[in-house]
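Atom set for the values below is all heavy atoms of this structure, side chains included, hydrogens, waters and symmetry mates excluded. Residue numbers begin at 1 in each chain, while the letters A, B, ... track the order of the sequences. The shown structure was predicted, so the numbers you read here are calculated from the model rather than taken from an experiment.
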Amino acid sequence: MASQSNPSGTSPSSDESIDASLRAPVSYFAASGAGWLLVGAVLAVISSVKLHAPQFLGDLECLTYGRTTGAGNVALLYGWGFNAAFALSVWLLARLSRGSLPQPALLMIAIFFWNLGVAIGTVGVLWGDGTSLEALELPSYAAPILFVAYAFIGIWIFQVYQFGRIKPVYLSQWYILAALFWFPWLFSLAEIMLFIDPVRGTVQSIVHAWYAQGLSHLWFLPIALGGLYYFLPKLLNRPINNYPIGVYGFWMLAVFGGWAGLARLSGAPVPAWVVSAGVSGTLMLIVTWVVTAINLVPTRLSGRSSNDSSGSLRFFSVAILALFLWAASTVILSLRSVAEITQFTLVLPAQSQLFFLGVFSFVALGGLYHLVPRILGTEWNSRALISAHFWLSVVGLVIGVAALTVGGIKQGFQTNALGGGQEAPASLLSVMQQLLPYLSSQTLAATLLLVGHLLFAVNLMLTFRKAGCCCCCISRSSASTGFTGSKEAVIR
Amino acid sequence: MTSLFLLALLSSLVFVCAIYIVHYRGNFSPLVQDERFDLAMASKALPVAVDPVAAGKRLYNTPGMCVTCHQATGQGVPGAFPPLAGSEWVNGTEERVIRILLHGLTGELKVHGGTFNGVMPAFGQGAGGFNWSDDRIAHVLTYIRQEWGNKAAPVEAAKVTEIRTKEAARGSKSWTVAELEAMK
């Protein structure tokens with residue numbers, strides 16, 4: 001672990017050659033990520049509408065609530081989330097270890113198969129082959145494709161680090177490299193223990209909780225933290241506030257990130273000690289949150305943006321805010337007395353939205369807004385579209401999370417009161433009917449997000465056109481047009 | 001300074017988590033889902049007292065069982081099925097009734113001076129039997145021995161077990177009155 005806060009090699013020619021080697025695959029990641037983001041957002045709107053207007057598209061078997069929700073999750077998590085995570089990690093690793101990508105064409109093939117796997121998965125869920133497990137809705141025939149494609153992508157991204165010229169490892173690299181190894185561990189174990197050779201009854205729900213939360217804690221979160229640790233000092237021209245302690249946050253996440261997922265099972269028919277272990281894991285992660293807060297918040301507050309030509313800094317600011325809100329919510333909601341009210345209510349989707357759409361997606365979007373111009377060698381087609389996307393996303397996120405949280409808390413109190421008491425609601429149905437305004441607000445939020453993501457996709461497409469490249473070209477030559485070294489930040 | 005603070009935070013979290021786990025460990029038992037569940041208390045409460053008369057009444061009145069022939073009044077059907085109410089067989093020694101229930105009864109039978117010639121099916125194990133457990137047989141016998149004015153002693157499941165073991169060699173062969181009358 002190097003104590004220096006950032007590698008300092010900034011020779012323009014090397015940046016250009018690195019970016020040139022990444023041009024085709026990162027464009028591919030960005031384009032397919034944006035495409036899946038749209039697919040996922042459309043499916044999210046459809047499932048959200050169905051919660052308060054069940055007759056909507058009710059005659060189409062492939063668009064029933066269970067299928068659109070599952071397919072939307074697959075498209076968002078594995079389509080958008082992973083493509084964006086791949087783009088960020090390969091670019092960050094290349095920048096930080098000063099390595100170019102060997103044989104981008106092979107990576108392109110792996111990306112193709114990853115997207116093929118996601119497409120088969122999404123269509124499979126709509127077809128009716130999905131599983132009932134959240135975050136693992138993929139039909140079991142899509143999983144091997146994803147796993148093999150991931151193996152290639154992961155190895156290729158790792159190569160960038162392996163062949164890089166700078167060996168000291170910066171914290172962003174810790175997080176990203178670890179995530180690259182954690183995900184196949186999570187995914188293969190979950191697939192084996194749930195589908196290939198299923199474990200017995202209760203253990204399945206424990207494995208699933210471990211995977212579902214592990215996907216957040218050990219894949220999306222480290223990528224997001226890796227991004228924040230890189231982009232904040234770079235965009236603000238400030239060092240990380242207290243870099244040496246950052247590594248403690250990393251190790252606490254590594255040790256307890258997997259345990260924390262078991263807290264999801266509070267109130268479920270699993271042994272009590274399993275939940276207690278999960279709650280303890282969640283509490284131990286407070287160290288990670290505190291370390292992250294000590295490092296990121298003062299860094300963010302102390303500097304003014306110096307070279308943020310695409311306005312990605314505001315995305316990171318929202319992500320940091322969402323990160324701490326989410327972290328606080330995981331701690332509070334894991335406690336048994338709180339879980340008694342909130343467990344199995346709308347608070348849980350609110351929490352996962354806050355994480356995936358608020359923390360991860362905002363880091364990923366900010367990262368893409370930052371790196372796409374550098375990869376393509378041209379500025380974004382429209383800054384206005386970026387601003388519109390940002391504000392639509394923020395408003396959509398706030399409305400959605402707030403509506404689901406408030407509605408969920410109300411739902412929890414009323415459902416618990418069903419057994420009797422002074423203000424006992426008449427029936428479960430009346431509890432549900434009171435949720436209708438909150439569910440409609442969620443539809444509004446999902447629609448705003450959809451419009452925002454549409455603007456992002458359009459902007460991305462126009463920028464590709466402006467850069468004179470179709471997204472599937474594998475040309476390495478013309479990357480440096482219009483790209484000047486002065487735009488590249490000199491990072492402290 | 002920050003490191004000291006982190007050390008303090010980490011230590012206190014370990015402390016809190018240790019207390020939390022001890023408090024909510026549920027004895028680390030795979031069977032305890034609710035940590036407020038107390039195994040010691042639960043084990044005291046576990047043996048649930050079954051009222052043999054109530055259980056026997058339910059068995060007796062199950063459609064297709066005893067009630068079909070002997071009727072809910074225990075009077076049977078004159079000329080076809082013998083009454084249980086006031087029957088000297090029911091109120092007599094438990095050795096006989098248990099055997100009748102386990103293996104069945106065929107041939108001529110006199111109850112209350114009436115003569116019956118039917119087939120009482122076997123409720124114990126064996127071909128054609130209902131495979132009732134010793135508990136069930138004891139319950140239903142206790143019920144018929146204390147209902148409709150009958151005043152005989154209850155039948156214990158242990159006694160049924162004893163006779164079932166003793167007569168294991170008999171298989172599914174029904175008893176005849178002559179065989180039973182040979183017993184005390």
Fill in: A:Trp289 atom CH2, neighbour heavy-atom count above 12 within 6.0 Å
yes
Worksheet item: Around atom CH2 of A:Trp182, are there more than 12 heavy atoms of other residues, nucleotides or ligands at under 6.0 Å?
Response: yes
Fill in: Largest heavy-atom contact set with chain B, pairs under 4.5 Å, which of A:Val274, A:Asn242, A:Val279
A:Val279
Fill in: chain B contact via A:Ile294 - side chain, backbone, both or neither, heavy atoms under 4.5 Å
side chain
Fill in: Region of B:Leu10 in contact with chain A, defined by heavy-atom distances below 4.5 Å
both
Worksheet entry | Neighbour count above 12 (heavy atom, 6.0 Å) for A:Phe195 CZ | yes
Worksheet entry | Option among A:Val287, A:Leu285, A:Val290 that satisfies the side chain to side chain contact (heavy atoms under 4.5 Å, CB included) test with B:Leu13 | A:Val287
Worksheet item: If you take all heavy atoms of B:Tyr20 and A:Arg336, which pair is closest and at what distance?
Response: OH-NH1, 3.0 Å
Worksheet entry | Most chain B-contacting option - heavy-atom pairs closer than 4.5 Å, from A:Thr202, A:Val275, A:Ile245 | A:Ile245
Worksheet entry | Point-to-point distance, once rounded to the nearest 0.5 Å, from CG of A:Asn295 to OG1 of B:Thr2 | 9.0 Å
Practice prompt. Would you name the heavy atoms of A:Ser280 and B:Cys17 that are closest together and state the gap between them?
Written response: O-SG, 3.5 Å
Worksheet item: ring-ring contact (aromatic ring centres under 6.0 Å, His included) with A:Tyr248: which residues, sequence neighbours excluded?
Response: none
Worksheet item: What is the minimum heavy-atom distance between A:Pro271 and B:Pro30, and which atoms define it?
Response: CG-O, 3.6 Å
Practice prompt. Heavy atoms only: give me the nearest B:Tyr24-A:Ser276 pair and the separation to one decimal.
Written response: O-OG, 2.5 Å
Worksheet item: Where on B:Val14 is there a heavy atom nearer than 4.5 Å to chain A: the side chain, the backbone, both, or neither?
Response: both
